[in-house]
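As structure tokens, the structure follows; a few thoughts come after it.
Hydrogens, waters and symmetry mates are skipped; everything else that's a heavy atom, side chains included, is used. Source: prediction; values computed, not measured. Counting convention: from 1, in listed order, for ligands and their atoms alike.
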Amino acid sequence: MLRSCAALLRTPGAPRGRPGAPRRSFSSEKVVQKDCALPNPSWSKDLRLLFDQFMKKCEDGSWKRLPSYKQFFSKTFQGFQTLYLDPSLVKGEEHAQLFTRSFEDGLGFEYVMFYNDAEKRVLCFLQVGPHLQGAPGFVHGGAIATMMDSTTGTCACRAGGIAMTANLNINFKRPIPLCSVVVIDSQLDKVEGRKLFVSCNVRSVDEKTLHSEASALFIKLDPDKSLRKKR
Ligand SMILES: CCCCCCCCCC(=O)SCCNC(=O)CCNC(=O)[C@H](O)C(C)(C)COP(=O)(O)OP(=O)(O)OC[C@H]1O[C@@H](n2cnc3c(N)ncnc32)[C@H](O)[C@@H]1OP(=O)(O)O
């Protein structure tokens, strides 16, 4: 059953931690990883339609749906930790969650990404929830930037390997109405050594409105340099 934006706002949230309340111990809990890039009841008809349309395009192998989890347990992230992070400096890892997946269903970012390897392109279908408000009735610019960074970052990492954002330059052209669905289209434009240049735009589902455009520079990480140590 689909829930409207207003219905989502009426839904009581999960219990929130009080200051001073005992923290949950994660060590004894079995963590069940839910793939967040699959439909849930908060998804609107528009998001479902785009999802179904692209799942069909996955059948011939040209597009691939990218699963997405609150926590990183993938080989990629293990590689990231082993090669680039000084383990003695990592703090709060047991509580860490991917920012874009840290909201209750429907209240924040609901999205699915699809990757086309031949085109070095990632499409993100995004439904922006009511807790992402900036100007009244519209999405916060930081929330838009977050999803442009995530989409271009996914494109860079899929196409070029583990990389981090060095520069993200955004033009906000038209505001995005809260609770709407938009399409973020990103593409690897150029590779120069460790530099990956990726561009993207955010459009309405009917493609009539160009909401934002960005160009991003990602730098492939160098295994000989630790990210956490001063150099
Ligand atoms: C599959 C998983 C998908 C996950 C998607 C999530 C996406 C989210 C991505 C992020 O949000 S990452 C978080 C935000 N980014 C950061 O915190 C990165 C902070 N910056 C750094 O750690 C370092 O600056 C960085 C790793 C990006 C680069 O440091 P390095 O020491 O490896 O590179 P170096 O400084 O040697 O520069 C390499 C080249 O890039 C150039 N460069 C670096 N930063 C630049 C910059 N900002 N603008 C222009 N050029 C830049 C630099 O001039 C040089 O050019 P040349 O080779 O031609 O000399």
Transitive ILVMFWY side-chain link L196 to L221, under 4.5 Å
no
Grouping I, L, V, M, F, W and Y whenever their side-chain heavy atoms are under 4.5 Å apart, do V202 and F109 come out in a common cluster?
yes
Counting heavy atoms only, which of [options] comes nearest to [atom]?
atom                    : options               : value
atom 18 (C) of ligand 1 : T165, D149, D224, L66 : T165
atom 4 (C) of ligand 1  : T152, T154, V122      : T154
atom 6 (C) of ligand 1  : A216, S150, A156      : S150

Polar contacts were defined as any N/O atom of the residue lying under 3.5 Å from an N/O atom of the ligand; does this apply to I219 and ligand 1?
no
More than 12 heavy atoms of other residues, nucleotides or ligands under 6.0 Å from CZ of R194: yes or no?
yes
Has K70 got more than 12 heavy atoms of other residues, nucleotides or ligands less than 6.0 Å from its NZ?
yes
Just which atoms of ligand 1 are under 4.0 Å from any heavy atom in R194?
30 (P), 32 (O), 33 (O), 36 (O), 38 (C)
Distance under 4.0 Å to a non-hydrogen atom of L221: what atoms of ligand 1 satisfy this?
26 (C)
Please determine whether any non-hydrogen atom of D222 lies less than 4.0 Å from an atom of ligand 1.
no
So is R48 actually on top of F125's ring, under 6.0 Å and inside 45° of the axis?
no
is_close_aromatic(W63, F54), centroid dist under 6.0 Å
yes
